[in-house]
Amino acid sequence: MADPLLFNPRTYDPAHFDPETRRLLRATVDWFEDRGKRRLVEDYRSRAWLGDFLEFAARERLFATFLTPSAVAEDGNQRWDTARIAALNEILGFYGLDYWYAWQVTILGLGPVWQSGNAAARARAAGLLADGQVFAFGLSERAHGADIYSTDMLLEPDGDGGFVASGSKYYIGNGNAAGLVSVFGRRTDVEGPDGYVFFAADSRHPAYRLVKNVVDSSKYVSEFRLADYPVGPDDVLHTGRAAFDAALNTVNVGKFNLCTASIGICEHAMYEAVTHAQNRVLYGRPVTAFPHVRRELADAYVRLVGMKLFSDRAVDYFRSAGPEDRRYLLFNPMTKMKVTTEGEKVIDLMWDVIAAKGFEKDTYFAQAAVEIRSLPKLEGTVHVNLALILKFLRNHLLAPEGFEPVPTRLDAADDTFLFRQGPARGLGSIRFHDWRPAFDAYADVPNVARFREQADALCDLVRTAAPDEEQSRDLDLLLSVGQLFALVVHGQLILEQARATDLDRDVLDELFAVLVRDFSAHAVELHGKESATREQQDRALAAVRRPVTDAARSARVWERVAALSGTYEMAP
Ligand SMILES: Cc1cc2nc3c(=O)[nH]c(=O)nc-3n(C[C@H](O)[C@H](O)[C@H](O)COP(=O)(O)OP(=O)(O)OC[C@H]3O[C@@H](n4cnc5c(N)ncnc54)[C@H](O)[C@@H]3O)c2cc1C
């Protein structure tokens with residue numbers, strides 16, 4: 001029987017969506033299953049371009065339906081609906097990150113366009129989508145990495161309301177094929193932030209020179225150069241500070257997709273790993289008879305369930321956001337850095353168990369083991385996102401405010417706020433609802449209670465021994481505090497979603513046993529940091545706890561994991 005908590009193509013029926021969404025999601029699953037595993041793996045190994053998949057998507061109007069906001073929609077099925085976008089991320093991650101990437105950078109490329117007041121560019125983008133084209137997001141440059149302030153894409157005024165653009169971009173997905181590339185640059189005649197420009201380029205224009213794919217993959221992660229590329233007024237999407245805000249706000253929308261992609265990767269890999277381990281007999285017994293193997297697979301399973309619960313709940317905050325409720329700006333980088341690094345742990349745990357099998361070229365696992373690594377590094381590194389999360393620490397932990405409860409958001413609404421997020425400033429003043437009630441509701445679950453003690457210990461540390469002025473420049477120390485904070489937020493949204501979905505209590509308890517161990521490990525790390533004061537060291541160690549063990553509970557959770565064996569194998 002299929003596990004109700006994991007995506008399984010055999011039983012997948014997203015009946016909670018409207019009929020056309022349901023049809024498209026199912027059609028996508030069927031397209032991959034019909035194509036089969038041999039082809040999927042071979043295309044990955046031979047770095048084949050994704051032409052067939054994009055043809056399928058164009059035929060079915062998949063991207064056009066899911067990525068056209070209702071303001072420019074041609075039919076009643078088109079809207080920007082984060083819940084169904086998340087569902088598609090999971091499916092694409094499940095079958096291969098390369099497919100997901102072509103769709104993901106299309107989302108990023110559309111971000112500056114849908115935020116723009118330029119009606120001609122919006123109409124052009126809608127037309128290209130309807131035509132089945134993909135998009136690209138040209139922000140990064142070879143020399144500048146995360147430092148997007150220092151762009152060398154230069155726009156010289158042409159005296160006629162437009163510009164001539166010259167410069168190069170690096171790491172730009174779909175740069176080989178995009179009908180529209182949103183490019184970030186700056187004017188040569190205006191100093192400082194007022195000089196920023198976001199404009200739309202066409203990868204087929206003669207002044208657009210594709211240099212190469214900088215990675216060895218089916219993903220086309222391009223380097224391209226613009227040489228005196230003409231940028232007409234209709235191509236200008238944003239100017240000045242609004243262009244910079246459009247860059248950050250686009251990344252806010254885009255980075256949300258990484259969590260569900262990593263969930264899809266882990267799910268497919270888990271079916272393979274558990275099925276292999278359960279059927280591998282050593283010394284006359286299945287490998288899964290080893291206690292350490294059971295523990296590793298059970299940890300992987302509950303971590304994956306935690307990733308799903310967190311991400312599902314984060315969708316609700318994302319879709320319910322508005323100018324007065326910007327809590328998504330915490331939950332969003334959390335999906336990015338926490339859920340995707342959890343994904344790495346899930347794969348590592350399973351790989352330790354299946355060992356040599358995970359290298360075999362006809363497995364999905366071999367690509368999962370490689371691709372899972374990229375998600376924490378794209379759309380800002382773990383450091384950058386953790387540093388961002390730290391801005392919310394005090395208000396979240398110590399100064400909660402009253403908010404109306406946010407309901408589950410699977411409704412067929414258009415998430416219009418995502419394209420009018422406004423200035424990217426003022427993060428330190430964002431307020432949050434109290435995190436404690438989510439824990440109080442499960443105070444009788446032993447490891448939730450244990451974890452709560454650790455969260456309270458973190459609050460004590462922040463209240464009485466917060467990093468001082470000098471330490472506030474020591475990002476190494478701060479990131480270590482950030483890891484503890486991220487765990488509290490992770491636990492909070494997991495519990496909110498557990499309640500909404502009536503999660504099995506054994507699974508929840510086992511999951512929190514893992515989080516208790518994680519918290520202890522990060523607390524010990526903080527204790528060892530070079531600049532930690534005596535009081536910080538003591539308070540860090542005071543947060544170390546042992547999870548509450550329960551052999552009967554662990555055995556019941558193990559039964560769920562073992563039952564995954566044989567429940568899914570991709571069609572050959
Ligand atoms: C496969 C792939 C696809 C990509 N696709 C695109 C795309 O389509 N469009 C696009 O524009 N870009 C794309 N990128 C670029 C990606 O977003 C960058 O890799 C990322 O922003 C980080 O830059 P970097 O890797 O050069 O690291 P660097 O910026 O060189 O960072 C070096 C180190 O410094 C740390 N660091 C930097 N700044 C800070 C800070 N403020 N706080 C704390 N630590 C910091 C980093 O965490 C890292 O450890 C892609 C990259 C890859 C690998």
Side-chain angles (χ1 to χ4, degrees), residues 101 104-105 108-109 111-112 135-157 163-178 180-203 205 207-217 219-231 235-252 254-255 258 333 336-337 373-388 424 473 475-476 479:
Y101 182 71
Q104 161 70 357
V105 292
L108 289 169
F135 291 67
F137 182 62
L139 182 62
S140 297
E141 293 174 23
R142 186 173 199 168
H144 301 304
D147 175 13
I148 55 174
Y149 303 87
S150 310
T151 172
D152 289 323
M153 175 62 72
L154 300 179
L155 290 100
E156 210 173 319
F163 303 93
V164 174
S166 295
S168 71
K169 291 281 173 182
Y170 205 76
Y171 298 128
I172 310 305
N174 289 353
N176 58 325
L180 189 157
V181 186
S182 292
V183 182
F184 185 73
R186 66 183 163 88
R187 297 170 61 141
T188 50
D189 60 330
V190 180
E191 285 293 312
D194 290 340
Y196 291 130
V197 181
F198 236 122
F199 63 97
D202 182 345
S203 73
H205 192 283
Y208 178 109
R209 305 213 179 121
L210 183 64
V211 179
K212 62 179 176 192
N213 187 352
V214 304
V215 300
D216 183 21
S217 158
K219 295 178 203 67
Y220 203 107
V221 185
S222 67
E223 176 182 6
F224 70 80
R225 273 178 212 290
L226 300 186
D228 294 333
Y229 185 100
V231 179
D235 300 323
V236 175
L237 302 172
H238 303 272
T239 56
R241 286 167 201 272
F244 194 77
D245 288 337
L248 295 189
N249 290 337
T250 295
V251 174
N252 285 341
K255 73 176 161 202
L258 284 81
K336 165 66 190 59
M337 60 71 49
R373 302 274 169 235
S374 58
L375 293 164
K377 295 167 190 68
L378 301 179
E379 318 268 327
T381 59
V382 172
H383 303 143
V384 167
N385 280 284
L386 205 44
L388 180 59
R473 287 186 291 277
L475 205 48
D476 191 37
L479 294 183

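Just the heavy atoms: all of them, side chains too, but no hydrogens, waters or symmetry mates, feed the values below.
Here Lys377 contributes atom NZ and Lys336 contributes atom NZ; the two are 8.5 Å apart, rounded to the nearest 0.5 Å. Note that NE2 of His383 and CG of Leu479 are 6.5 Å apart. Values are rounded to the nearest 0.5 Å. To the nearest 0.5 Å, atoms CZ (Phe199) and NE2 (His238) are separated by 13.0 Å. Between the CG atom of Asn252 and the CG atom of Leu388 there is a distance of 8.0 Å, given to the nearest 0.5 Å. Taking OH from Tyr170 and OG from Ser222, the interatomic distance works out to 10.5 Å, rounded to the nearest 0.5 Å. Between atom CG of residue Leu210 and atom CZ of residue Arg225 there is a gap of 11.5 Å, rounded to the nearest 0.5 Å.
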Asp152 and His144: side chain to side chain contact (heavy atoms under 4.5 Å, CB included), yes or no, with the steps? CA-CA 9 Å; Asp152 289 323; His144 301 304; 2.7 Å; yes
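The two atoms that bring Ala136 and Ile172 nearest to each other are CB-CG2, 4.1 Å, heavy atoms only. Shown here for Ala424 and Asn249, the closest heavy-atom pair between the two residues is CB-OD1, 4.3 Å. Across Asp235 and Pro230, no two heavy atoms sit closer than the pair OD2-O, 3.9 Å. Heavy-atom minimum distance, Val181 versus Gly138: CG1-N, 4.3 Å. Looking at every heavy atom in both residues, Pro112 comes nearest to Phe137 through CG-CE1, 3.9 Å. When every heavy atom of Leu258 is checked against every heavy atom of Gln104, the shortest pair comes out as CD1-NE2, 3.8 Å.
Leu154 has its side chain within reach of Arg186: a pair of non-hydrogen atoms, C-beta onward, lies under 4.5 Å apart. Two residues are said to be in side-chain contact when any heavy atoms from C-beta on lie closer than 4.5 Å; Ser182 and Leu237 meet this criterion. The side-chain heavy atoms of Thr188 and Phe163, taken from C-beta on, include no pair separated by under 4.5 Å. Ile148 is listed as a side-chain neighbour of Leu248, based on a closest heavy-atom distance under 4.5 Å. With contacts defined as side-chain heavy-atom distances shorter than 4.5 Å, the pair Asn174/Phe135 does not qualify. Looking at heavy atoms from C-beta onward, Asp194 lies in side-chain contact with Arg241 at the 4.5 angstrom threshold. Put simply, the side chain of Asp202 does not reach to within 4.5 Å of the side chain of Leu180, judged on heavy atoms.
With sequence neighbours excluded, the residues satisfying ring pair (Phe, Tyr, Trp, His ring centres under 6.0 Å) with Phe184 are Tyr196, Phe198. Scored by the ring pair (Phe, Tyr, Trp, His ring centres under 6.0 Å) test, His205 finds Tyr229 as partners (sequence neighbours excluded).
Environment of CZ in Arg373: crowded, with over 12 heavy atoms of neighbouring residues, nucleotides or ligands closer than 6.0 Å.
Each salt bridge (charged side-chain N to carboxylate O under 4.0 Å, His left out) pair with one or both residues in residues 135-151, not counting sequence neighbours, appears once here: Glu141-Lys169.
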